[in-house]
Amino acid sequence: MSTHDSDARASHPLTPYGWSPRVEAAFDAVALTSEHVLLPARVAAARRGGAEVLLPEPETAEHAPAVRRAARTDPAGAPTSGDWVAVRRSGDAWLVEAVLERSSALVRQGVATDSHDQVLAANVDAVLICEAADQGPNVGRLERFLTLAWASGAAPVVAVTKADLAGDRLPEVVELVESVAGGADVHTVSAHTGDGLDDLARRLLPGSTWVLLGTSGAGKSSLVNAVAGRTLMDTGEIRGDKRGRHTTTRRQLLTLPGGAMVLDIPGVRRIDVPGDADGVDRTFDDIQEFAERCRFADCSHGPEPGCAVVAAVDEGELDARRLERWNRLRREAERNRSRADRRLREEEKRRWKANDKVARDARRRKRGHAF
Ligand SMILES: Nc1nc2c(ncn2[C@@H]2O[C@H](COP(=O)(O)OP(=O)(O)O)[C@@H](O)[C@H]2O)c(=O)[nH]1
Ligand SMILES: [Mg+2]
Ligand SMILES: [Zn+2]
């Protein structure tokens, strides 16, 4: 072959969808051990019992038995938007044989004791958190979305949307957002005037995957359409027409004309933060820094002596309300962590019992055969 490896990669038909050496290696590991001829594909949207995949042509695929079984045990393992999968042809149908290892996963914490986490999006490079300039901002919500994004393994970026509606308050709004954004960059944009769109568009690199996070009405779809220069997503404007209230419930990976992929997660009002301490720590890295200077390593940042966090509040270096929100999210993450642990233990017990039953049945059968 005359082409170099990098050329071959650049010309791979899945390159526009984010095909990378990492994904290639993950696919090879699966393909080499399979008895079937497998092809790599990216999941655009999950559907009942299967997925819409890009091969790169869009196709519908069903879960192969192994994937179905795995999804029953742990729904978080089912193919979701953004996943890389290995598929194969079976008669007229496509079957998803395996979900490849994820580089990141945006997880919605299961709230009920027995409920599972839901993976909202996989293999995401960046999360674009949209917060409308004319309604707030709601810093508690922003911190929650930031925590979710950091916990996913993707990098958060904040868009202060509808800048044209904020009037004189805009600088104040942006300053407030920046004060809680931490390591996330803040872009101020208006889908209506076009302000700030070029700067944001420059970050949407070809082959990168972005997830939009924000409440309904924050201007996510309008922003995507404005960046794309055409209507890729339905916006609030069409609501209330003859078709009635239109709310998108599908999480579908779309490709922007510039080559980046975006995924909207509609209808997000509030998401419980996952039991991943790293997400909270990174969101509140300012408090984390103070906490490292506390006298005791296990400081609860309460009334004990030598607490650098409490001292920072006293000295006006840290907003007491931010400290309160930090404590709340830390407690929530902890609660969700122990809930997840409990669920794991229970599942283990169930599996163990099931295995036990299989063994018992086998013994019984064996005894039966002896006669
Ligand atoms: N003035 C103004 N209105 C906007 C802007 N972006 C969105 N909107 C309006 O806000 C409403 C909700 O927008 P939409 O994109 O559907 O929000 P989504 O639910 O987050 O996708 C719609 O009526 C939009 O026209 C903007 O930049 N400026
Ligand atoms: Mg929308
Ligand atoms: Zn302390």
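Both counts, for ligands and for their atoms, begin at 1 and track the order of listing.
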Backbone or side chain, does any N or O of Ala191 fall under 3.5 Å from an N or O of ligand 1? yes
Test: Arg322 and Asp286 ion pair at under 4.0 Å: yes
Got a salt bridge between Arg203 and Asp185, using NZ or NE/NH1/NH2 to carboxylate O under 4.0 Å? yes
Heavy-atom nearest pair, Met261 first then Gly207, reads CE-O, 3.8 Å
Ser152 versus Trp150, side-chain donor and acceptor atoms under 3.5 Å: no
Can an N or O of Lys220 be found at a distance shorter than 3.5 Å from an N or O of ligand 1? yes
Could you tell me which atoms of ligand 1, counted from 1 in the order shown, lie closer than 4.0 angstrom to a heavy atom of Gly236? 14 (P), 16 (O)
Using distance alone, decide if ligand 1 has a nitrogen or oxygen within less than 3.5 Å of any nitrogen or oxygen in Ala218. yes
Using 30° and 60° as the class limits, which term best fits the ring planes of His12 and Trp19: parallel, tilted or perpendicular? parallel
Between Gly219, Ser222, Gly194, which one has a non-hydrogen atom sitting closest to atom 17 (O) of ligand 1? Gly219
Within the 4.0 Å heavy-atom shell around Thr215, which atoms of ligand 1 are there? 20 (O)
So the angle subtended at the Zn ion (ligand 3) by Cys299 atom SG and Cys307 atom SG, rounded to 10 degrees, is 110°
Under 3.5 Å, is there a donor-acceptor pair between the Arg89 and His36 side chains? no
Is it the case that ligand 1 has an N or O less than 3.5 angstrom from some N or O of Gly217? yes
Decide whether an N or O pair under 3.5 Å exists between Thr235 and ligand 1. no
For a distance under 2.8 Å, tell me if Ser216 has an N/O/S atom near the Mg ion (ligand 2). no
Just to check, does Thr161 reach to within less than 4.0 Å of ligand 1 when the distance is taken from its heavy atoms? no
Angle at the Zn ion (ligand 3) (to 10°), with one arm to SG of Cys294 and the other to ND1 of His301: 100°
Need the ligand 1 atom indices (1-based, order shown) with element for anything under 4.0 Å from a heavy-atom of Ser216. 19 (O)
I'd like to check which ligand 1 atoms, numbered from 1 as shown, lie under 4.0 Å from a non-hydrogen atom of Ser190. 27 (O)
In plain terms, say whether Glu62 and Arg47 are close enough for a salt bridge, that is, a side-chain N and a carboxylate O under 4.0 Å apart. yes
Distance from Leu318 atom CG to Ile287 atom CD1, nearest 0.5 Å? 5.0 Å
Please report the closest heavy-atom contact between Arg22 and Glu101, naming both atoms and the distance. NH1-O, 3.0 Å
